[in-house]
Every structure is written in C-alpha cells, then in structure tokens.
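The block underneath contains the structure these notes are about, expressed in structure tokens.
The figures that follow rest on heavy atoms only: side chains count, while hydrogens, waters and symmetry mates do not. Numbers here are sequence positions counted from 1. Start at 1 and go down the list; that is how both ligands and their atoms are numbered.
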Amino acid sequence: MSEKSTNNLLVIFGATGDLSKRKLLPALYSLYEQDALEHTSILAIGRKPFRSEEFRTYLRSESLIKTEYADDRDGFLEKIDYLELPMNDPDGYGPLRTFMQAHREKNITFYLSVPQELFEPIVSGIAHIGLNTASSKVAFEKPFGSDLESATKLNAFVTQAFSEDQIFRIDHYVGKETIQNILAFRFANSLFEPVWNNHYIDNIQITATESLGVENRGAYYDHAGALRDMVQNHLFQVLALATMEPPHTLTSTAIHDEKVKVIRSLRLGKDLLSHVVFGQYAGYKDEAGIPESSRTETFAALRLEVHNWRLKGVPIYLRTGKALSGKKTKVVVEFRKNASILYNEQDELDRNRIIFEISPYEGISVGFNVKEYGETKKTRAVWSEFIQTKEGPEAYARILSDLLLGDHTLFTRWDMIEESWKIVDHLVHCKENCPILHSYEKGSDGPEAVNTLLEMDGREWYE
Ligand code: BG6
C-alpha cells in the first residue's frame, strides 16, 4: 500500500470492468495530462485478486493509457492503488476501512461502475464502515433502476445514506460537447430562438444508431433492451435539451427544473401501437448470454409530443438500435415548408433544417435555400456548417472532472429519472404486449416499419 496522501480520493468500484477499461481510466489519464488530478488519487476496487503493483502492470499491458512518454504514464499509474473487495457483501468492507485509516484524504468520491444489482450492497458497505460522511460524494452509472418501481426503491435506499446534493447520476451523453451546445445554439442566437416553436418547427428527429451489436454485454442487455438502455436516459436527455424552455440562469437547479418540466409534458399517442416500432437483429439470439426465447428489442423507434405552449403538435421522432449500418447520433430540426408561390413554382421548396451532429463527427449545420445561379425563380438547398474541429474533452473526462468538482449540472436529478421512467414503463409495457417484433438484418437501416412511422404523417427521416 503506498503512503501518498492527497486531498481527494476517487474510489472506483468495478475498476476491472469493461467501462472502466474503455472509458474511465483513459478519461482519468487525459485529466491527469491536463494537470486536473494534481490533488486526487485513485483507489480501484474490483473482485480480481490484484495487488496495486499488479493492477498497474495490468493497466500497462492492456495499453489503456496511450502516450508516447512512459514517464507520464508512470506518474499517472503511481496515483492508483487497488483493493480486492467482495463488493456484494456489506460485512466484507473491513479492508476498505483499513485502507482509509492509512490514508488521510478528506474528500472521497465513490464511483459505482458496476451492474445495478450491486448499487445497494455497495452503498450499505460504505455506510457500514462510516464513509458516507458529509464531504463524500457518490456517483452511479446508468441505468438507475430498471423501471419506476425499482428506481424509486433504489433512490429511497441511497438517500438514507447520502443526501441529493451528494448523489451524482451519470448520463455520459450530457457530457458530449455538441449535446451541451444545443442549449447555447438555441439561447445564444436571436436568429433561431424566436422560431423554436410550433409555428415554425415541423418536426424533430433524434437518431442514435450503432453498428456494434451487444458484444459481451448480452446478460445485461437482454434485460434492458433499447428502451431502457438508450431511450430512458440518453435520448430523453437530448430531447429535453432540444425542447426545454430557457433556464433563468445557467445554474444546475435552473437547468434541471426546465428539463423536468419538458419531460413531464411528454405525451405518447393514444393509439400507441401505431406510434412505436420495435426490432431485433437477426443473429441476436446467437450472441453470448442471450436466451433462444428472447424478445428483447435491439431497435426502437417512436413518435411522441411535447404537450406545452411552445411545441404542442410538433411530432418528435426517436430511433435507436444496435447492429445497424453505422454509428450515427444526431438531432434534426425540420422547419415548415414555405409556400412555393414565388420560387420553385413547379417543385416544392426544400425545408430549412438545423442539424446537430453528435457522432461520428461533431458540429451544427443550418440548411437554407438560395437562388440557383443564373436562374430567376429557381432555388436550391445549401448548408452552412460549423464543424467542431477542436477535440474537446471526451464526455467521460468532462463528467469525471465535474464530479470531482461537485458540479451537478451535467448529472441527472432524481425527478428527471422518475418522470422518464413513467413514460418508458408505458413503452416497455406496450412492447411486451406488442405482437410485432420486426427482425432486421445486421448492417441494415433497421426494420422497414421505421419509415412507415413517418410516412403515416407525410414525412420522412432526414438522413
Ligand atoms: C451506453 C449504452 O450507455 O451508451 C450502450 O449502454 C451504448 O449500449 C452506448 O452503446 C453508446 O454511447 P456512445 O457514446 O458510444 O454513443
């Protein structure tokens, strides 16, 4: 055990897990490179029987930390200790207490990067050895609960040990640069804010597709499905930012208040079955950990509305899925068509559009019509584009940095989770009773019915 002592200690539960390897440790390394971890050390906790030095060797061998300068990497690794702990047994947290007694860190942040079944035992274990002090913080990876009931129960449990201002519920999408830019774009431009309503906006399309399948996460994913894995959290966060009212200041509370209001005003169509499409990719049941009888949706699309003064009547279409033709995350805001009285008399004028590109590249595009060169009455559609060339901090680096600072803005407040589950519970219920689970080919654009969803409204997805 090393003798170092800093002011902050970040304790990562599940440090040998997939997320920690792929995202958390590389993000922490990037914070270290920016000198943002000067006063922070890291305690990695897992079930694997490593000593600290063995864990560091393992991190080196997995080449998680990519740098040309071995010295830098060693400096970072020196910050990390490892502790083997039976995370699911609150009575087995003695070694953590012993570790803490040997160290003098004042502010402890617990990061639970573990399956949610372990949330309660870990919170109990921390409380059992008295580490839930007023200066501590606790962060939970998503998903927070698997429906309204389990989320409420979990929240009641956690709030016995920690107060709301000590709790950080993570949604890494909110840490993405362009997703944060949605608010700035809407409320820092007098050109766009006045038209952000049902007089001008025709519809909003939110897409988050992936080419990867479930990989090695079958056991988790088969209980989650696209609705719980992506819609309840990431897509609803994006939807909230694209549709909420301006907060009166950019403080965490003011932003969360407006987000919750908009999620509370979401409405699903009365004839819900005609407003949803669920699919499963061919070959899903052959993946590790997936039962032959699985009816889990690896694809979900739906139409809903924000039932408020500003946006009532504007359809919002969401779609997300795995094993599709490509990784694509974006928000398309389509404006109503102009009457073609003056221009393009024979053809329709193209719509104005605003596109927030989130993946594979980040940027914002505005589509408008200009006169066709040499013509008088004919126009063509062109784009003005902002491309985010500066590589911003990875979403997880931003999330971890805000967590260490104790800033709640990019985390999810309990009432938003509660409201989101109310809607997603409905959708899950609908899916379970939905006779149709479309099959789609890997590498395709999903079930054909996803196009019908918009065609019924006389619209189409803007690709
Ligand atoms: C995670 C989901 O929260 O987000 C994964 O559990 C999904 O299933 C991932 O692949 C997508 O994140 P990103 O940042 O790659 O779009």
Checklist line | Ion pair check, Glu463 and Arg319, cut-off under 4.0 Å | finding: yes
Check: Any luck finding a side-chain donor-acceptor pair between Asp222 and Ser294 under 3.5 Å?
Finding: yes
Check: Within a reach of under 6.0 Å around NZ of Lys153, are more than 12 heavy atoms found that belong to other residues, nucleotides or ligands?
Finding: no
Next item on the list: Taking the side chain as every heavy atom from C-beta outward, state whether Phe356 and Leu241 have any atom pair closer than 4.5 Å.
Entry: no
Can you list every pair where an N/O of ligand 1 is under 3.5 Å from an N/O on the protein?
from: ligand 1; atom 1: 3 (O); to: Lys142; atom 2: NZ; distance (Å): 2.8
from: ligand 1; atom 1: 3 (O); to: His234; atom 2: NE2; distance (Å): 2.6
from: ligand 1; atom 1: 4 (O); to: His234; atom 2: NE2; distance (Å): 3.4
from: ligand 1; atom 1: 6 (O); to: Lys142; atom 2: NZ; distance (Å): 3.0
from: ligand 1; atom 1: 6 (O); to: Arg217; atom 2: NH2; distance (Å): 2.8
from: ligand 1; atom 1: 6 (O); to: Asp229; atom 2: OD1; distance (Å): 2.6
from: ligand 1; atom 1: 6 (O); to: Asp229; atom 2: OD2; distance (Å): 3.4
from: ligand 1; atom 1: 8 (O); to: Arg217; atom 2: NH1; distance (Å): 2.9
from: ligand 1; atom 1: 8 (O); to: Asp229; atom 2: OD2; distance (Å): 2.6
from: ligand 1; atom 1: 8 (O); to: Lys322; atom 2: NZ; distance (Å): 2.8
from: ligand 1; atom 1: 10 (O); to: Glu210; atom 2: OE1; distance (Å): 2.5
from: ligand 1; atom 1: 10 (O); to: Glu210; atom 2: OE2; distance (Å): 3.1
from: ligand 1; atom 1: 10 (O); to: Lys322; atom 2: NZ; distance (Å): 3.2
from: ligand 1; atom 1: 12 (O); to: His172; atom 2: NE2; distance (Å): 3.3
from: ligand 1; atom 1: 14 (O); to: His172; atom 2: NE2; distance (Å): 2.8
from: ligand 1; atom 1: 14 (O); to: Lys176; atom 2: NZ; distance (Å): 2.6
from: ligand 1; atom 1: 15 (O); to: Lys327; atom 2: NZ; distance (Å): 3.0
from: ligand 1; atom 1: 16 (O); to: Tyr173; atom 2: OH; distance (Å): 2.5
from: ligand 1; atom 1: 16 (O); to: Lys327; atom 2: NZ; distance (Å): 2.6

Check: Only one of Thr207, Asp457, Asn203 forms a side-chain hydrogen bond (donor to acceptor under 3.5 Å, both in side chains) with Tyr317, so which one is it?
Finding: Asp457
Check: On the ring face of Phe76, is Lys79 found with NZ or CZ under 6.0 Å from the centre and within 45° of the axis?
Finding: no
